[in-house]
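Only this structure's heavy atoms are used, side chains among them; waters, hydrogens and symmetry mates stay out. Given the structure is predicted, the values throughout are model-derived calculations rather than measurements.
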Amino acid sequence: MNAEPPDECDECGTLLYQAGQHVTVGEYLRVDDGSFQPVFTSAEGILPPSYDGHIALYRVAASPCVCERCHFGRHSDDERATADVEEV
């Protein structure tokens, strides 16, 4: 199956994946709404939709986008560590 290539952040070039795109196993963070809600994929598959009428965008958790602090007021590591993790 051919996976659609990820988009890139216009400002820093970090790879961004849309809901519904095929991704490899790993942790992804939702970045389009500034929530940085973690999603863990335990098998190769697709990223979940937002269920709010917007196209959710995700990035690999281990690849921070350098412009997040400017746009979203990035959460501290302590806040992220206590966030609920959604497994798909």
Side-chain angles (χ1 to χ4, degrees):
M1 176 186 301
N2 282 341
E4 195 174 314
D7 295 325
E8 289 185 356
C9 173
D10 291 336
E11 296 183 30
C12 70
T14 297
L15 296 179
L16 300 173
Y17 300 86
Q18 290 186 11
Q21 276 189 288
H22 281 85
V23 293
T24 58
V25 174
E27 184 180 5
Y28 296 82
L29 298 178
R30 183 170 176 193
V31 297
D32 63 295
D33 64 354
S35 71
F36 302 98
Q37 178 66 37
V39 173
F40 180 77
T41 57
S42 57
E44 190 170 312
I46 61 169
L47 290 167
S50 64
Y51 300 109
D52 64 5
H54 298 96
I55 297 174
L57 289 176
Y58 299 88
R59 69 161 172 81
V60 175
S63 302
C65 181
V66 296
C67 59
E68 284 175 6
R69 289 179 193 261
C70 299
H71 297 294
F72 301 117
R74 178 153 166 94
H75 296 263
S76 72
D77 289 339
D78 291 337
E79 290 171 321
R80 248 193 40 194
T82 60
D84 293 330
V85 175
E86 179 182 348
E87 187 169 326
V88 288

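Nearest heavy-atom pair across Ala56 and Pro48 is CB-O, 4.4 Å. A pairwise comparison of heavy atoms in Leu29 and Phe36 identifies CD2-O, 3.5 Å as the closest pair.
Exactly one residue among Leu16, Leu15, Thr14, Val60 makes a side-chain contact (heavy atoms from CB on, under 4.5 Å) with Pro6. That residue is Leu15.
Within the structure, salt bridge (charged side-chain N to carboxylate O under 4.0 Å, His left out) contacts touching residues 16-26 (residues at least two apart or in different chains) do not occur. Sequence neighbours left out, the pairs with a member in residues 39-56 that pass salt bridge (charged side-chain N to carboxylate O under 4.0 Å, His left out) are Arg30-Asp52.
In this structure Tyr58 satisfies the ring-ring contact (aromatic ring centres under 6.0 Å, His included) test with no other residue, sequence neighbours excluded. Under the side chain to side chain contact (heavy atoms under 4.5 Å, CB included) criterion, Pro49 pairs with Tyr51, not counting sequence neighbours. Contacts of Glu8 classified as side chain to side chain donor-acceptor pair (under 3.5 Å), with partners at least two apart in sequence or in another chain: none.
For the atom pair CG (Asp33) and OG (Ser50), the distance works out to 8.0 Å, reported to the nearest 0.5 Å. The distance from the CD atom of Gln21 to the CD1 atom of Ile46 is 10.5 Å, given to the nearest 0.5 Å. For the atom pair OG1 of Thr41 and NE2 of His22, the computed distance is 11.5 Å after rounding to the nearest 0.5 Å.
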